[in-house]
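Letters go in sequence order (proteins before strands), and every chain restarts at 1.
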Amino acid sequence: MSNSFRTTNSTGLINKDKKINFTFNGTIYHGYEGDTLASALIANGVHLVGRSFKYHRPRGFLGVGVEEPNAMVQLHDGNKSEPNIIATEVELVEGLKAKSQNCWPSVQFDIGEINNVLNRFFPAGFYYKTFMWPKSFWMKIYEPFIRKAAGMGKAPLLPDPDRYEHNYEHCDVLVVGSGPSGLASALAAAKNGARVILAEDKPNFGGSLLTDEVTIGNMSGKEWASDTISQLKSMPNVILKKRSQVFGYYDHNMTVMIERVSDHIENPSKYTPRQRLHYIRAGEVIVSTGSIERPISFGNNDRPGIVLASAAKEYMKVYETLVGKKPIIFTNNDTAYSTALEFIKNDIEPIIVDTRDSSNGELVKEVQQKGISIKFNSGIADTKGHLKINSAIIGKLDSSKESFISEETVECDCICMSGGWTPTVHLSSQAGNKLKFNDDIDAFVPDKKRQKETAIGAANGSFTLNQSLAEGFQVGFDLSNKFTDQNNPTNSPNSNEPSYEKHEKLWCMPLPSGKKPKRFIDFQNDVAVSDVELAIREGFRSIEHVKRYTTLGMAGDQGKTSNLNGLQYVSKIEKKIVPEVGHTTFRPPYTPVTIGAIVGREVGNHYLPTRKSPIHTWHEENNAVFVAAGLWQRPRYYPRGSEDMNSAVNREAANVRKNVGICDVTTLGKIDIKGPDAPEFLNRVYTNAWLKLPVGKARYGVMLREDGMVFDDGTTSRLSENHFHMTTTTAQAANVLSHLEYYLQVVWPDLDVNVLSTTEQWSGIAVAGPKSRDLLSKLFPDVDMSNEGLPFMGLVDSSIDGIKARIYRISFSGELAYEVNVESNYGLYIWKKIMEEGQSFDIQPYGTEALSTLRIEMGHVAGAELDGRTIPFDVGLNSMVSQKKDFIGKRSLSKDAFTESDRQTIVGLVPLDKKTKIPEGSHIIEDNSAVAPIPKLGHVSSSCWSVEYNNPFSIAIIKDGKNKIGKNLYAVSPLKDISIPVEVVSSHYVDPEGTRVRS
Amino acid sequence: MLEIKCPYCGKRSQNEFSYGGDATIKRPQLGEEISTEDWDNFVYYRDNPRGKHSELWHHVSGCRQWFKVSRDTATHEIFDTCKMNEDFNV
Ligand SMILES: [Zn+2]
């Protein structure tokens, strides 16, 4: 049996000297180099490959390429497993494993096939109608059932081990598709000097030239294709890409192409990507994507063994494989006769069924001359054969072609059908092209373009070879002329192909007498003629609604073989012409794309850049637990021995209050501001006054958005008359810079100021605690560290070991504190130096948790309070708001809602039991026993364990907060199901007078 | 993905830029007496035209300049771009 469906000729593109073993549903088969999984299975007589989506009907191959709606398989095992792969697109490779999907326990015997028996319960809109109520059933009963029944393949649960890459390309002309028109246009454009990319989905260039008996110049079509490819290969301005599908056409001529790099290679290097996603920004795109043959709807037209006529021909000519040995050709046009002739060449006599009354086409005559009689005016009414077709019922059509007048049963093992051809307009449509209906070919073709896109050849409805080549050479030359000045046209060679007579406008056969078999239109989504009838009967008129109700033309398939047949049928019932019915929108991707390819290399550590301070290695060596602060990695705490987080944080914070702590604050945003108008600019940006800040002094500043909400805060210092150093919060650093640039460039371009981010240039080290002055005096013996020498908010330049350092006396912890800034490269050295000298002062490093504890206890606001919903009044910063000058956002502060006396304000909360920590985000309510909805007074923004008082403490923002101090309220966290009685206190819990920072 | 011509750097892909809103909005003068209604119009209210729209973009992953773009909001066609102190040619 092995490979018993091979032809005896060897004119195709497979290499019978190289056997390739593969497994399908557990059985080992072999094929040859050049085979696809589809051609190798067919050569082994295997047609049954899967079960249909809704009815679980046995399905085989319909097509030979991307148009295949049925033959989706699950490839490989384990972490390489991949669902819903079209078998016609899989090149055979040694050891390939594939299995059928959507069937259980096996593709031969599938329990789900009961859906087919019960199909009257699965009409169009079934899910919408059946699972509407009761609502409570949805999650527990309906949804799991639908998932199980309606699944396709299974997504793997393990991480994808393969490597995917992204590539960006630019070219003058991108040609999509390498059939006759594509090759012609690529050659013309390249010879005229344009930079050309030619993309072909298949492993071989040539398109229809690989299967059609034509001549171009003095060569066969196939020879001309290979000659043209060699010419293109030799040109440095051309990139040829096979196994590459341009699947999406986006704005401004951005197309995206997926290249299958190594799936067909037996043992690719681990550094070879599996697939490569190319973003191609093309000057002009030539859409030479050809056309796809249409099926015909007739009773049980979905049995394994029923294929498109063109697919049968390609299997014979390219893959040396017979789809059957007792074929019926069923057609409404002349092109299927070339498939008949190919069978005859292989000594097989097909039965030919033609819906037309007659045809005088050259191929028809040639078939007749070989002594084959043709059943004109006939159609297929029904078929038989459970897992594979074994016979067809052929009927004689009456004059209206609406019913059969007689029927006969004929044995067969395959039916090769052709309903004519549909231009592949997906890319043009994606590009925004308004399609028009071409009555001659009964299909839509591109018309009014919105982008730089030109369809040629069959994709443009030009079905003759002469036309295709002429369009190709002309368009290739014309478009390339936009980019070069060579003006070097290439002439189109003479070509020769058989003449064709017109197709018949008939795509749906009448039902056989006394029976109502399903006549499928969309094989992938299991949509039959009766579903479309039902949708229209139920009142769906817009083609977009019919599409969604029936699922016709949806999902991965995007209606490649079904769209026009569906439209033709709707137009027939509605008695409208197709252009009035209109067409649905084609959406990217044209073919399914692996998620891995879309993600590319942005996985794991490459997902986001990681920012590390220059002191990072020290933190690692000293047992820091890190936390992500935006892209930064910051030490969260430094546990000692078996310490848990709470005890480590409490120890670190308490040590700052008692001795001295050191904290890496390199991540704070830093912006250098220079220019004669710098003081005026700061005066407009910040809410407080800046004109009179003396050189050598720092000042705390708050900036607002125009809507009055606090945007950011930080300390800015004056280094010289026109030179300032601004600091921002870690989180808002980038946004503040954009904000400053906006006002300088857009709003006040007259101000002479420059801003520049210097975050990465400085390493910042906070030294905080009562012993910090003694420690710094020891480190910087030249500097007068006394309260008079370096007062609070002062700064001084000095150096250690020849390294320049700037010392700011600023504090976030509320203790006597300094911040030492050095050039980034010296950050680690200085940090170590301070640690070393600090030993005798009991120095300890502290992380972001202790930093939070210290600022919360002091009532210093941070991101949790400055959340974009608070104005200065709300967070206790009203004293920062100048009444004398205007600044960004000031006018908003005088709006009615912002001046109400009982506005939300910041307060402190202490639990009455002094034990229970209040979860951040808790709601504050007055009456714990009230019935919902309970009025909410506000929320808890930050919580900590106060190391000063040894009990929990939180900051909250509550309505009329100042007048609530001293009252008892409740903090409720519905998520944690707790309600905590709390006392409202001042948010300045520790050292409210601020004596320590000034000590 | 759009392709935007930065007046300083040339054509770049959209992912280098960030969008900055309507370019025709003028901030009221500092210190200007202004009604709440006019202030709200400046802060909150924007037209949402279908078609030609004059807008601001910031070359945030490039030269960090703000500039003006004339774009069709329906088709994404970009008619022209220019520096802040220039006017569109088309
Ligand atoms: Zn730029």
Side-chain angles (χ1 to χ4, degrees), chain A residues 168 170 248-256 279-283 431-432 449-452 680-681 683-685 704-709 734-735 737-751 754-757 884-899, chain B residues 1-5 7-8 10-45 55-69 71-78 83-86:
Chain A
Y168 291 82
H170 294 261
Y249 200 131
Y250 303 91
D251 289 304
H252 294 187
N253 261 33
M254 166 67 88
T255 61
V256 185
Y279 293 91
I280 305 172
R281 185 85 73 177
K449 63 177 85 172
R450 213 192 73 197
Q451 298 205 44
K452 289 171 179 161
E680 171 62 23
F681 181 52
N683 215 38
R684 297 178 187 188
V685 165
L704 310 185
R705 310 188 306 220
E706 294 285 16
D707 65 2
M709 300 298 162
N735 296 335
L737 184 65
S738 289
H739 177 81
L740 300 182
E741 286 167 337
Y742 172 83
Y743 281 94
L744 285 174
Q745 296 172 26
V746 179
V747 184
W748 300 310
D750 50 308
L751 291 185
N754 271 304
V755 293
L756 185 73
S757 167
K884 292 188 190 134
K885 55 146 197 173
D886 198 1
F887 53 86
I888 293 167
K890 183 177 190 185
R891 177 62 183 81
S892 289
L893 297 181
S894 57
K895 289 179 58 170
D896 291 348
F898 290 180
T899 53
Chain B
M1 195 168 10
L2 307 186
E3 187 176 50
I4 301 168
K5 186 182 169 191
Y8 302 89
K11 284 181 177 177
R12 296 286 192 278
S13 272
Q14 185 186 342
N15 51 3
E16 292 187 13
F17 300 89
S18 69
Y19 176 69
D22 189 332
T24 62
I25 300 295
K26 287 270 170 287
R27 191 193 189 280
Q29 295 291 314
L30 283 170
E32 183 183 334
E33 283 287 320
I34 183 169
S35 69
T36 300
E37 193 186 343
D38 286 347
W39 179 256
D40 284 347
N41 277 333
F42 157 65
V43 176
Y44 299 105
Y45 290 89
E55 53 201 27
L56 294 172
W57 286 78
H58 189 200
H59 198 181
V60 101
S61 300
C63 64
R64 295 208 60 100
Q65 294 298 303
W66 288 85
F67 60 96
K68 292 191 282 187
V69 175
R71 181 180 68 107
D72 189 309
T73 58
T75 65
H76 294 309
E77 185 184 348
I78 290 179
K83 298 178 180 176
M84 285 312 304
N85 59 1
E86 295 173 344

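- No donor-acceptor pair closer than 3.5 Å links the side chain of A:Asp251 to the backbone N or O of B:Leu2.
- With contacts defined as side-chain heavy-atom distances shorter than 4.5 Å, the pair B:Phe67/A:Gln745 does not qualify.
- Looking at A:Ser894, neither its backbone nor its side chain comes within 4.5 Å of chain B, counting heavy atoms on both sides.
- Looking only at heavy-atom pairs under 4.5 Å with chain A, the residue among B:Asn85, B:Ile34, B:Val60 that has the most is B:Ile34.
- Within residues 10-24 of chain B, the residues having any heavy atom less than 4.5 Å from a heavy atom of chain A are, in residue-number order, B:Ser13.
- The contact between B:Phe42 and chain A is made entirely by side chain atoms (from C-beta outward), counting heavy-atom distances below 4.5 Å.
- Taking the six-membered ring for Trp and thresholds of 30 and 60 degrees, A:Tyr279 and A:Tyr168 have nearly parallel ring planes, at less than 30 degrees apart.
- With a 4.5 angstrom heavy-atom cutoff, A:Arg705 does not touch chain B via any of its atoms.
- At a 4.5 Å heavy-atom cutoff, the contact between B:Trp66 and chain A is made by backbone and side-chain atoms alike.
- Using a 4.5 Å heavy-atom threshold, the side chains of B:Leu56 and B:Met84 count as touching.
- Atoms OH and CD1, from A:Tyr742 and A:Ile888 in turn, are 9.5 Å apart once rounded to the nearest 0.5 Å.
- Listed by first and then second residue, the salt bridge (charged side-chain N to carboxylate O under 4.0 Å, His left out) pairs that reach into residues 24-39 of chain B are A:Glu706-B:Arg27, sequence neighbours excluded.
- Contact annotation for B:Met1: both backbone and side-chain heavy atoms come within less than 4.5 Å of a heavy atom of chain A.
- If you measure heavy-atom distances from B:Asp40 to chain A, the contacts under 4.5 Å come from the side chain alone.
- Counting heavy-atom pairs closer than 4.5 Å to chain A, the top residue among B:Lys68, B:His58, B:Glu77 is B:His58.
- Heavy atoms of A:Tyr250 lying under 4.5 Å from chain B belong exclusively to its side chain.
- The residue among A:Lys895, A:Arg891, A:Arg684, A:Lys890 with the most heavy atom pairs within less than 4.5 Å of chain B is A:Arg891.
- Two residues are said to be in side-chain contact when any heavy atoms from C-beta on lie closer than 4.5 Å; A:Phe887 and A:Leu893 meet this criterion.
- Residue B:Ile25: no heavy atom, backbone or side chain, is found under 4.5 Å from chain A.
- Between A:Leu740 and A:Phe681, some side-chain heavy-atom pair lies under the 4.5 Å cut-off.
- Between the A:Gln451 side chain and the A:His252 main chain, a donor and an acceptor come within less than 3.5 Å of each other.
- The number of heavy atoms from other shown groups lying within 6.0 Å of OH (B:Tyr45) does not exceed 12.
- Between A:Tyr743 and A:Val685 there is no side-chain heavy-atom pair separated by less than 4.5 Å.
- Your options are A:Val256, A:Val746, A:Val747, and the one with the most heavy-atom pairs under 4.5 Å with chain B is A:Val746.
- Contact annotation for A:Leu737: both backbone and side-chain heavy atoms come within less than 4.5 Å of a heavy atom of chain B.
- Considering every non-hydrogen atom in both A:Ala734 and B:Arg64, the closest pair reads O-NH2, 4.4 Å.
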